[in-house]
Number of protein chains: 2
Amino acid sequence: MDPADDAPPAILRRTPSWLMNQLAAHAQRMVGERLESLGVRRHHYSALSALAEFGPMSQADLGRHTHLDRSDVTAVTSELEEKGLITRTPDPADRRRNVVSVTEDGLAFRERLAKLVSEAQDELLAPLNEGERERFTASLVQMVGHHAKRKGSGSWATEPGERKPGMGKG
Amino acid sequence: MDPADDAPPAILRRTPSWLMNQLAAHAQRMVGERLESLGVRRHHYSALSALAEFGPMSQADLGRHTHLDRSDVTAVTSELEEKGLITRTPDPADRRRNVVSVTEDGLAFRERLAKLVSEAQDELLAPLNEGERERFTASLVQMVGHHAKRKGSGSWATEPGERKPGMGKG
DNA sequence: CTGCCAACGTTGGCAAGACCAACAGTTCCT
DNA sequence: AGGAACTGTTGGTCTTGCCAACGTTGGCAG
């Protein structure tokens, strides 16, 4: 009767940051496994998503949108370019910059990734019902927005045109 | 008037795993900075907490309680031993094992760490009110428990004698 | 008792992620 | 004109989560 020899100390079980780290590790595994099956990592998905939504932009902007360091953006874009999912061309208007754009293949690929990522979300949130999921996610958004402001410049946390009471689904 | 040039793509802003990773990164920074001021990392705090709550145990057990790999436990215990916060002695009853125990200094040190960690929690949860914090934490516990079961052996998720008042269900 | 398997602690390694520092080329501002 | 700020790149650090191998020890089947 003691297979349950493992049990985190109560103090940790009540510490949100510890719980978050545990859960984030699980989440990374679930998402990571799926993306790995298509040969990419999570940053590639973030980059493709930003480009798909906002259109072509410089690597620096890409980094700001995805919260990635400039140096990491360099690596990610290089890998995506190799796969033909994006193009990277010098900006004639500002010769410091590269203009990064998604290709058709990139857009299609991103759709496939999105499905896999969506699956992972369901697995992650499995124990929560609909209402709990919404409250949980809302709290996450609130906190991420709050802490992002401290470092970054933007105030995207309270963005117009996205208040959705019902938040139905698409 | 476009300092808010940064804004994660909407698809990411609605993806719990992405939000979790962002927030977990912030949390790690907040906790990490504070622990660093006392010369330790997060794992040291976890180990000390487990030993403080459950008493002396083998390194393997310590790893199970804290969700740490055996190899990482070796490193952590070595560092804690160097600082005189724990002792590590061979178990006469089972010579494969080391018995790890907290010292008096270790217990006192853990208290100081606990205060710092607690501070970090407040900073992390700042944007949430009392009720939101409880619901958020409860959801975390639920999910961590759910996903821990899949790998580990134990069923600590539904442990008796710890039902909190706010922990209602949906 | 022997032989085998499981568990333990240790070492050494890997990959990912989050960062940081420095650099040369460019642009902007004064 | 000159300095400050930005861009992309290279190369590095540190932490975390793993995994493989090894020698030692314990438990168990035969």
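In what follows, chains carry the letters A, B, and so on, assigned in the order in which the sequence lines appear, proteins first and then strands, with residues in each chain numbered from 1.
- Within the structure, every side-chain polar atom (N or O) of A/H67 is placed at least 4.0 Å from both OP1 and OP2 of C/dA18.
- Rounded to whole Å, the distance from NE2 on A/H43 to C1' on C/dC19 is 11 Å.
- At whole-Å resolution of the value, CZ in B/R41 and C1' in D/dT13 are 13 Å apart.
- One finds no side-chain N or O of B/R70 lying less than 4.0 angstrom from the OP1 or OP2 phosphate oxygen of D/dA20.
- If you check C/dA18, C/dC19, C/dG9 against the side chain of B/R29, the one that comes closest is C/dC19.
- Mapping A/N98 and A/A25 onto DNA chain D by nearest heavy atom places A/N98 at the nucleotide closer to the 5' end.
- The distance between atom CG of A/D91 and atom P of C/dG25, rounded to the nearest whole Å, is 19 Å.
- B/R88 has no carboxylate O lying under 4.0 Å from a charged side-chain N of B/E82, or vice versa, which leaves the two without a salt bridge.
- Atom pair A/W18:CH2 and D/dT16:C1' shows a separation of 15 Å (rounding to whole Å applied).
- As rounded to whole Å, 16 Å separates atom C1' of C/dG17 from atom CG of B/L23.
- Between A/F54 and A/H65, the two ring planes are parallel [angle under 30°; tilted spans 30° to 60°].
- Regarding contacts with the backbone of D/dT16, every side-chain N or O of A/Q28 stays at 4.0 angstrom or more from both OP1 and OP2.
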| said: Quick one, A/S17 with B/Q121, criterion side chain to side chain contact (heavy atoms under 4.5 Å, CB included). Give me CA distance, side-chain angles, the key distance, then yes/no. | reply: CA-CA 7 Å; A/S17 68; B/Q121 307 308 305; 2.8 Å; yes
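- Close to D/dT15, at under 4.0 Å from its OP1 or OP2, lies no side-chain N or O of B/R42.
- Atom pair B/L35:CG and D/dT15:P shows a separation of 12 Å (rounding to whole Å applied).
- The residue among A/Q59 and B/A93 whose nearest nucleotide of DNA chain D lies closer to the 5′ end is A/Q59.
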| message | B/K83 vs B/F109, test: side chain to side chain contact (heavy atoms under 4.5 Å, CB included). Steps then yes/no. | response | CA-CA 10 Å; B/K83 293 174 185 290; B/F109 189 73; 5.8 Å; no
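- In terms of polar N and O atoms assigned as donor or acceptor, the side chain of B/D72 comes within less than 3.5 Å of the base of D/dC18 in a complementary pairing.
- Distance CE (B/M20) to C1' (D/dT16): 15 Å, rounded to an integer number of Å.
- Taking 3.5 Å as the limit, the base of D/dG8 and the side chain of A/R96 contain no donor-acceptor pair of atoms between them.
- Taking for each of A/R95 and A/L68 the nucleotide of DNA chain C with the nearest heavy atom, the 5'-most of the two is the partner of A/L68.
- Residue A/S71 places its side chain closer to C/dC20 than to any other of D/dC18, C/dC20, C/dT10.
- Side-chain proximity of B/D94 to D/dT9, D/dT7, D/dT25: nearest is D/dT25.
- Residue B/R88 has a polar side-chain atom (N or O) positioned under 4.0 Å from OP1 or OP2 of C/dT10.
- C/dG13 atom C1' lies 12 Å from atom CG of B/D69, rounded to whole Å.
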| message | Run A/R135 and B/S139 through side chain to side chain contact (heavy atoms under 4.5 Å, CB included) and show every step you take. | response | CA-CA 9 Å; A/R135 281 195 293 269; B/S139 291; over 6 Å; no
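- With D/dA21, D/dT7, D/dG17 as the choices, the nucleotide that has an atom nearest any side-chain atom of A/R97 turns out to be D/dT7.
- In this structure, B/T74 and B/N21 both approach DNA chain C, and ranking their closest nucleotides by distance from the 5' end singles out B/T74.
- Using a 4.5 Å heavy-atom threshold, the side chains of A/L35 and A/R41 count as separate.
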